[in-house]
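So the structure is just underneath, and the comments pick up after that.
In what follows, every heavy atom counts, from backbone to side chain, and hydrogens, waters and symmetry copies are set aside. Letters go in sequence order (proteins before strands), and every chain restarts at 1. What you see is a predicted model, and the numbers here were worked out from it, not measured in a lab.
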Amino acid sequence: MTGLPLALTAFGLMLSGVFLRVPIALAMGLTGFFGTWYVIGTPAGPMAQMKTLTYETFSNQGLAIIPLFLLMGQVATRTGMSAALFRAASDWLGHKRGGIAMAAVGACAGFGAICGSSLATASTMGQVALPEMRKRGYSDALSTGVLAAGGTLGILIPPSIILVLYAILAEQNIVKMFTAALLPGLLAAIGYMITVAIYVRLRPEAGPVGPRKPWSERWSTLIATWPVFAIFGLTIGGIIGDWNWSKPGDQALFTPNEAAAFGAVATTLYGFFGGKLNLSGLLESFLETAKATAMIFFILLGAEVFKGFLALTRAPDQLAGWVLEQGLAPMLVLTAMLLCYLVFGCVMESLSMILLTVPIFLPVIEALDFGMSAEQTAIWFGILALIVVEVGLITPPVGMNLFILNGVAPDIRIGRTYAGVAPFILSDLLRVALLVNFPAITLWLVSMIG
Amino acid sequence: MRGLIRANSGTDVTEKTAGRVGVLVEAGARALAWLGGAILLALAAMTVLSILGRALDGFGLSALRGDYEMVANGCALAVFFFLPWCQLKRGHVTVDILTDRFPPRVQALFGLMGDLLITLASIVILRQLWFGFGEKFPYGSDGLRAVLGMGYKPFYPETTYELQIPVWTLYATALVGAAMMVLVGLYTVGRAVRWVRDGQEGTP
């Protein structure tokens, strides 16, 4: 067996392993290892590769940003920033029908701007906002649904761990990827707020009206959220903004790694000086960072081995050639791929899905003519893939965000959460359709920074 | 229920040893993870200093030399130190949607399979990393190197580009994490066997 059939067989074996609870990283690594052995006829090759592969994968310059951003996010969950954000948003919106749910969306977006992980965003905001919404008589379905959906803003709004990985896989500039994600992320937050507004119009009892807060109080709680704006402005703004107008061209303040380092230090300092973070809290966030980082890097190592095997089979090129021969409409192929992500997203984990599929899907997408440059196509596809993969976090049966909300409030039946999140999934799908049909939404800001 | 009763009996000698080993392994893995976190934060602080130096280059300061190299290699070492903790806490992602429908004992059996495979993989990683170390380590007599399986002696110590750090020191530090991962792996296999015997998985 060679080429495409071999790759497909390996893929099938790997997936069956995954469904038998073999850790995903291992399923990829083992399939890649034995596949390479099968192709070149000896285990010596992949074994010799392993002498340096582990260290070289872990010390990849472009990956250093991941543990740093994870540390920043973990520390941020212990600094009270999430509570300050929610307080401000609910003071501004609480008197509207469904206002606290909209405030939760806004606070999630704000927290997503300093945290690159959906799960951390959902759990932190869940702990802050869920008790408040229940106290004010919001329905269980709306409260958990909006927070599960809001959690996905953590990874949509930069910094975003998945975008870092995509940029490395697709050999794209991470700064441009982050820039491209800004407007779709903002659109997501607005879409969720509109969804809440429609929801409470149809079911007014789900989101009762609260008292109107005086302007002085609104401004003072808003001002209390300054660290979030300062840190986001300096980290993400620092890498995509122009900080020196006297010189021609874009002068960024930081490289991406530097921005992540700055963010981690700034968040830690704010935590200590704000009095919310102590040594044991810091050590606790080290352990959480350790778990998340090791999980991601182990998957990366497995994916590296698998990618080597895939390249040996030449299956990605063959698949791209085959798709071209069929003369299918580019949009049809793209839609099929996005549907594929949606279906698999219901049961698979998002990070591994990106790592597994991008080496196969991207050559096909790049071979098709969407009327854009290769770079633009790759950036646009990355954002679309990120969004549909994220939908998987809130679709039953395996939506990690749903489980996290269930963990925060175990007395709410998971069925209520499933019902509550449905309108937000609809909003996600509408947004994907919009971004597919209008690539300019994604690419406009990128073209601005050149 | 049976699982709970057995786990609480505590008079079993193997149970006691496992408990003591468990405490040790957990303490070791946690300490290593803390160290990794401290390395990360230190790298971040160093980077901020370097940025400040660069920003103030008009005042005779400058960016720290080799800051990029330090971040990349320091992060790699931190990842090696993080891996044992992740395995101990069963942090590696699995898809449980199918196996959740099986009885608890069968679930525990699949968990055991996962732990076993991870441990085998860690042994391969440790072994190959050792060989990789041998190929970067330019010292030792040929006889001793042959006994330790370190392969051909390189002619000179390979170093990093800017700071001239010998690469073998980095590999040697990484070996600490890789070795701890094998130890933790072996412990988790024993733990998984006990969970299968009890008919139910405990909290990692």
Side-chain angles (χ1 to χ4, degrees), chain A residues 18-26 29-30 33 47-61 63-64 66-68 71-72 253-255 257-258 260-266 268 282-283 285-287 289-295 297-299 301 347-349 351-352 397-398, chain B residues 30 32-34 36-38 40-41 43-48 50-51 67-68 71-87 89 91-99 107 110-111 113-114 117-118 121 124-125 127-135 167 170-171 174 178:
Chain A
V18 164
F19 279 102
L20 291 177
R21 222 179 133 185
V22 175
I24 294 178
L26 265 185
L30 289 178
F33 183 82
M47 274 300 203
Q49 191 196 17
M50 284 302 290
K51 288 183 196 173
T52 49
L53 184 76
T54 316
Y55 191 87
E56 276 167 12
T57 306
F58 291 173
S59 62
N60 180 331
Q61 188 77 255
L63 292 177
I66 292 179
L68 291 170
L71 180 65
M72 171 179 167
L253 195 59
F254 299 137
T255 66
N257 278 0
E258 287 171 356
F262 168 81
V265 171
T268 310
L282 186 66
L283 290 177
S285 44
F286 282 173
L287 292 185
T289 310
K291 215 156 80 178
T293 307
M295 182 269 275
F297 276 73
F298 207 51
I299 292 181
L301 185 64
V347 287
M348 275 286 274
E349 187 266 337
L351 199 88
S352 13
V398 187
Chain B
R30 181 185 289 124
L32 216 51
W34 279 344
L40 266 188
L41 198 56
L43 288 171
M46 185 231 28
T47 305
V48 171
S50 183
I51 299 167
D67 53 348
Y68 255 68
V71 169
N73 288 296
C75 279
L77 295 180
V79 172
F80 274 103
F81 290 173
F82 287 160
L83 280 165
W85 179 254
C86 185
Q87 166 59 12
K89 294 290 152 190
H92 294 296
V93 193
T94 54
V95 172
D96 303 345
I97 177 169
L98 188 68
T99 50
Q107 285 185 35
F110 279 110
M113 186 174 74
L117 284 173
I118 291 233
V124 172
I125 289 173
R127 178 173 172 267
Q128 297 311 105
L129 194 69
W130 171 254
F131 292 149
F133 167 72
E135 287 175 8
V167 174
L170 301 171
Y171 270 66

Pick from [options] with the largest number of heavy-atom pairs that fall under 4.5 Å of chain B:
options	answer
A:L282, A:N257, A:L287, A:N60	A:L287
A:G263, A:S59, A:A48, A:A260	A:S59
A:M72, A:Q49, A:M50	A:M50
A:E56, A:Q61, A:K291	A:Q61
A:L351, A:V22, A:L283	A:L283

Looking at chain A, which one of [options] has the largest number of heavy-atom pairs inside 4.5 Å, strictly under?
options	answer
B:F133, B:Y171, B:F131	B:Y171
B:A44, B:G91, B:A33, B:G132	B:A44
B:V48, B:N73, B:V79	B:V79
B:T99, B:L129, B:V71, B:L43	B:T99

Which residues satisfy the side-chain contact (heavy atoms from CB on, under 4.5 Å) test with B:V124, sequence neighbours excluded?
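By the side-chain contact (heavy atoms from CB on, under 4.5 Å) rule, B:V124 matches A:M47, B:Q128.
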[X], part contacting chain A, at a heavy-atom distance under 4.5 Å:
X	answer
B:L32	neither
B:Q107	both
B:V93	both
B:I51	side chain
B:R30	both
B:W34	both
B:Y68	both

On a heavy-atom basis, which atom in [X] and which in [Y] lie closest, and how many Å separate them?
X	Y	result
B:G114	A:P23	CA-CD, 3.9 Å
A:V265	B:A45	CG2-N, 3.6 Å
B:C86	A:M295	SG-N, 3.7 Å
B:T47	A:A261	CB-CB, 3.6 Å

Counting only heavy atoms closer than 4.5 Å, note whether [X] contacts chain B via side chain, backbone, both or neither.
X	result
A:I299	side chain
A:S285	neither
A:L253	backbone
A:A292	neither
A:L301	side chain
A:L63	neither
A:L20	both
A:L26	side chain

Could you state the interatomic distance from OG1 (A:T268) to CG (B:L41), rounded to the nearest 0.5 Å?
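Nearest 0.5 Å value for the OG1-CG distance: 5.0 Å.
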Straight-line distance of A:I66 CD1 to B:C75 SG, nearest 0.5 Å
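That separation rounds to 10.0 Å.
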Parallel, tilted or perpendicular: which fits the ring planes of B:H92 and A:F298, with parallel below 30° and perpendicular above 60°?
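Geometry flag for A:F298 against B:H92: tilted rings.
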With a 4.5 Å limit on heavy-atom distance, are the side chains of B:F80 and A:T54 in contact?
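When only atoms from C-beta onward are counted, A:T54 and B:F80 do touch, with a gap below 4.5 Å.
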Within the structure provided, determine whether A:Y55 and B:L77 are in side-chain contact (heavy-atom separation under 4.5 Å).
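Yes - at least one pair of side-chain heavy atoms lies under 4.5 Å apart.
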